[in-house]
Amino acid sequence: MAEVQRTLAIIKPDAAGRSGVAGQILTRIEESGLEIVALKKIRLTEEDARGFYAVHKERPFYGDLVKFMTSGPVVVAILEGENAIARWRDLMGPTDSTQAEPGTIRGDFGTDIERNASHGSDASETARVETGYFFNATEILGAVEAT
Ligand code: CMP
């Protein structure tokens, strides 16, 4: 049986700032069978965005990426299901929105490689770190066992 995983999803400011788009993306997630086990809409501070993307701090696009990610609200969610990491990445399409097929989230709502509508964790360990960056156990459905 496939492994049940959790992954972090971010609906980025380019998508979250457009009327109705966050709702459409959340609907696609639910219709795909992934379960949303945590959800909130927040505005990232510069420190939040710098910390989240710290692995990219030497890359030439880091400054612009931080500016973009703090330019408006984002919706962050934890998705759960069998192979959730790969399934969410498939729903999003490739990082560069110009290469993403219509029908994918980046193909339909993204603009380019930076303004790409959404983020997803790339592996189990990253997912663990990224979900913990935004949510504590009391905010995640099923994470705190009843005593
Ligand atoms: P994301 O999946 O959130 O992970 C890192 C982000 O950096 C990526 O989506 C893009 O928004 C951005 N990014 C990655 N590569 C580039 C690039 N070459 N130029 C500009 N932005 C990039």
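One-based numbering, in listed order, for ligands and for the atoms of each. For clarity, every value in this text was computed on a predicted model and none was experimentally measured.
Looking at atom 2 (O) of ligand 1, its nearest protein heavy atom turns out to be H119 ND1, 3.2 Å. The closest protein non-hydrogen atom to atom 13 (N) of ligand 1 is F61 CE1, 3.7 Å. Looking only at protein heavy atoms, the nearest one to atom 10 (C) of ligand 1 is I113 O, 3.1 Å.
We find the OG1-CG distance between T95 and D122 to be 9.5 Å, quoted to the nearest 0.5 Å. The distance from atom CZ of R6 to atom OG1 of T131, rounded to the nearest 0.5 Å, is 7.5 Å. Here the OG1 atom belonging to T45 is positioned 10.5 Å from the CZ atom belonging to R43, to the nearest 0.5 angstrom. With rounding to the nearest 0.5 angstrom, the CD1 atom of I10 is 6.5 Å from the CG atom of L44.
Between H119 and Y53, the two ring planes are perpendicular [angle over 60°; tilted spans 30° to 60°].
Residue L65 holds the heavy atom nearest to atom 7 (O) of ligand 1 of all those in L65, V66, D112, D64.
Using a 4.0 Å heavy-atom cutoff, R59 is absent from the residues neighbouring ligand 1. For R106, the closest heavy-atom approach to ligand 1 falls below 4.0 Å. Under a 4.0 angstrom heavy-atom cut-off, Y53 registers as being in contact with ligand 1.
Contact atoms of ligand 1 toward K12: 1 (P), 3 (O), 8 (C), 9 (O), 10 (C), 11 (O) (distance under 4.0 Å to a heavy atom of the residue). The contact set between ligand 1 and H56, taken as ligand atoms under 4.0 Å from a residue heavy atom, comprises 5 (C).
For ligand 1, the polar-atom distance check finds no N/O of S118 at less than 3.5 Å from any of the ligand's N/O atoms.
Among the candidates I105, N83, L8, the single residue satisfying the side-chain contact (heavy atoms from CB on, under 4.5 Å) test with W88 is I105.
Between R128 and E125, at least one side-chain nitrogen of the basic residue sits less than 4.0 Å from a carboxylate oxygen of the acidic one, meeting the salt-bridge criterion.
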